[in-house]
Protein chains: 2
Amino acid sequence: MADGKNYGALATKLSTFINLSKHELEVLAELQSRQIRLARGEELTEEGQSSPTALILQSGWACSYKLMPNGARQIIRFPLPGDFMGYRSVLLRASDHFLCGVTDGIASVVDARRLLDIFRSSPRLGSALLWSVSRDEAMVVDHLASIGRRSAQERMAHFFLQLLERLKLIGLATEVGFHCPLNQYLLADALGLSAIHVNRVLRQLREQNLMSIKAGEVAFHDIVTLERLAAYRSIDPSLD
Amino acid sequence: MADGKNYGALATKLSTFINLSKHELEVLAELQSRQIRLARGEELTEEGQSSPTALILQSGWACSYKLMPNGARQIIRFPLPGDFMGYRSVLLRASDHFLCGVTDGIASVVDARRLLDIFRSSPRLGSALLWSVSRDEAMVVDHLASIGRRSAQERMAHFFLQLLERLKLIGLATEVGFHCPLNQYLLADALGLSAIHVNRVLRQLREQNLMSIKAGEVAFHDIVTLERLAAYRSIDPSLD
DNA sequence: CGACGCTTTGACACAACTCAACAACCGTGG
DNA sequence: CCACGGTTGTTGAGTTGTGTCAAAGCGTCG
């Protein structure tokens, strides 16, 4: 994207690891042309779609979560610009799996058949898409392991390091920080903790001079120690 | 499969919710023709494959897990006969994600291109496959939510109810029980608990006359109460 | 100004973990 | 046949991480 034109968030993301041809960029831009608005706190439902669709987040943050029958919420992931959202619902409607905006934003609606076309007509782009989706899936698995086998502190550290990496990839983070619209309730529901304990853990990290959050700005003070604490390892799978 | 012939575990599984034509059955049988042996405790690696492949479990139980740098293990799922295993590795090699046999068994090796062919040549079968894989994915998400937001008892109850449902689907469970090769260490690593606590929780469930395990045989004594306890809801997503 | 959303803190309770034994069960080999 | 070691299950006592409850601080915005 040396020409500086905007071909959509997905193109931006994919460009970071493969060089997209002019044609492929056009295809991606066209794919993301149908856009909808996304409001903070608003639940996204795909009712009334005549054909199966997927969503690609263009700007803002979203969150996908499950509601437990006792009222508790478990956040599965926070889609960021360039990420697919709700691609699972392409084929099926998971009963208690929801999607909502963390901030205002924009998403594009993609016809599922259009995606399949890409696999046929532009295989290289297709495998890039597959890579991207696989990466998202690997992150869910990571998240599962994190909740199951890491302490609250390790989980928190791991979570923010992963967020840093994802945001850097799409140019929304510097080497040492980023803007983060997540409050402590959202963090709690994502990490399987109580909001109060999230606060305590954040204080510990602050007092150990590892990282801090102030007014929605995350600042990393000692990434090396933080990575050691979280036993962090890059999420990016190696391409075959 | 009214003719009683064996077209592979995947065919058995898919047959339970769509009627497969003779031709589709043949395609599935051919797909699963290349088989490998799987030994209890043996790690499966797909090294040396000339082209990307997926695995379908035919018999026995397997388990896919992540190893944390501190040595802890988090089991992601237990593939059962008819389930895809390691389809994620089709495109990428997740660094610390492993697959191993819980029991001896057999798996078939499928060339990824062969799968793609099916989507083209037999769309109905393709969408059945997609349904099956989506279901597996939904189960991982369920598992995540379970570990994040359920108590140890609820988790245990949920886990076994889900297992019951999956095993019934492939004819490996009765209405009230099944054979289960999982020991308390495996349960612990799956549920994000310590092995000792698993033992205590199982005792509680036994003393409450909800379910019991003896010599690898799981027996459900009060499924209704168990479902209430686990806030269980069927994993099967509705097809569009 | 008050109301609201979010953060922070303290005191206390409890679920789950750790450590340390011991018991039951198995297949193996003497 | 029994003795044996290894694996798995069981139990108790004590510790600790995390949840719960309650309340106060602090911005922001109408």
Side-chain angles (χ1 to χ4, degrees), chain A residues 39-42 61 63 68 70-74 100-104 146-159 179-208 211-219 229, chain B residues 40-41 61 63 68 70-74 101-104 146-159 179-208 211-219 229-230:
Chain A
R40 171 189 146 114
E42 178 201 45
W61 291 42
C63 91
M68 312 303 276
N70 62 16
R73 176 174 64 164
Q74 176 62 51
C100 99
V102 170
T103 68
D104 292 348
S146 203
I147 292 181
R149 287 301 185 209
R150 267 193 257 256
S151 73
Q153 251 200 66
E154 294 164 345
R155 244 179 271 179
M156 187 72 74
H158 178 86
F159 176 78
H179 175 74
C180 173
L182 307 176
N183 65 29
Q184 299 184 352
Y185 295 94
L186 286 166
L187 290 174
D189 285 342
L191 299 178
L193 300 169
S194 69
I196 289 162
H197 200 59
V198 163
N199 185 288
R200 279 194 280 255
V201 171
L202 287 175
R203 175 172 28 147
Q204 288 165 24
L205 293 175
R206 193 188 327 130
E207 286 172 352
Q208 295 170 241
M211 59 168 289
S212 60
I213 308 181
K214 191 165 290 265
E217 293 297 326
V218 176
L229 170 63
Chain B
R40 172 190 144 115
W61 291 41
C63 95
M68 311 303 275
N70 62 16
R73 176 174 65 165
Q74 176 63 50
V102 170
T103 68
D104 292 347
S146 203
I147 292 181
R149 286 300 183 212
R150 269 194 256 255
S151 73
Q153 256 202 63
E154 295 164 343
R155 245 180 271 179
M156 187 72 73
H158 177 86
F159 177 78
H179 175 74
C180 172
L182 307 176
N183 63 28
Q184 298 184 352
Y185 295 94
L186 285 167
L187 289 174
D189 286 342
L191 299 177
L193 299 170
S194 70
I196 289 164
H197 200 58
V198 164
N199 184 290
R200 278 193 274 260
V201 171
L202 287 176
R203 171 167 38 143
Q204 288 166 25
L205 293 176
R206 194 188 327 132
E207 286 172 351
Q208 293 170 242
M211 59 169 290
S212 61
I213 309 181
K214 191 165 292 263
E217 292 298 326
V218 176
L229 170 64

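To find a chain, count down the sequence lines: A is the first, B the second, and so on, and within it residues start at 1.
Listed candidates were C/dT18, C/dC6, D/dT18. Nearest to the side chain of B/S194 is C/dT18. You'll find that the side chain of B/I196 is closest to C/dC19, out of C/dC19, D/dT10, D/dT20. Of the candidate nucleotides D/dT10, D/dT8, C/dT7, D/dT8 has the atom nearest to the side chain of B/N183. Nearest nucleotide to the B/R200 side chain, out of C/dA16, D/dT10, C/dC17: C/dC17.
One atom, CG of B/L202, and another, C1' of D/dG9, lie 10 Å apart when rounded to the nearest Å. At whole-Å resolution of the value, OH in A/Y185 and P in C/dC4 are 15 Å apart. As rounded to whole Å, 12 Å separates atom C1' of C/dC6 from atom CG of A/L187. Summarising the geometry, the separation between CD on B/E154 and P on C/dA15 is reported as 11 Å, rounded to the nearest angstrom. For the pair B/R203 CZ and D/dG12 P, the interatomic distance rounds to 6 Å; values are reported in whole Å. Rounded to an integer number of Å, the gap from CG of A/L193 to C1' of C/dA15 is 14 Å. Rounded to whole Å, the distance from NZ on B/K214 to P on C/dC25 is 8 Å. The interatomic distance linking B/H197 (NE2) with C/dA15 (C1') rounds to 6 Å, in whole Å.
In terms of position along DNA chain D, the nucleotide closest to B/Q184 lies nearer the 5' end than the nucleotide closest to the other residue of the pair B/Q184 and A/S151.
A heavy-atom distance below 4.5 Å is not found between the side chains of A/R206 and A/I213. Counting heavy atoms from C-beta on, the side chains of B/L182 and B/F159 come closer than 4.5 Å. Counting only heavy atoms from C-beta outward, the side chains of A/R73 and A/L186 approach each other to under 4.5 Å.
To the nearest 0.5 Å, atom CG of residue A/L191 and atom CE of residue A/M156 are 5.0 Å apart.
Judged by atom type and distance alone, A/R206 does not reach the base of C/dT8 through any side-chain donor-acceptor pair under 3.5 Å.
Among the protein residues, B/G192 comes within range of the sugar-phosphate backbone only, with heavy atoms under 4.0 Å from sugar or phosphate atoms but none that close to a base. If you check every strand for non-hydrogen atoms under 4.0 Å, B/R40 touches sugar and phosphate atoms only.
The closest side-chain donor-acceptor pair between A/H197 and A/R200 falls under 3.5 angstrom.
Considering only side-chain N and O atoms, A/N199 lies nowhere under 4.0 angstrom from the phosphate OP1 or OP2 of C/dT7.
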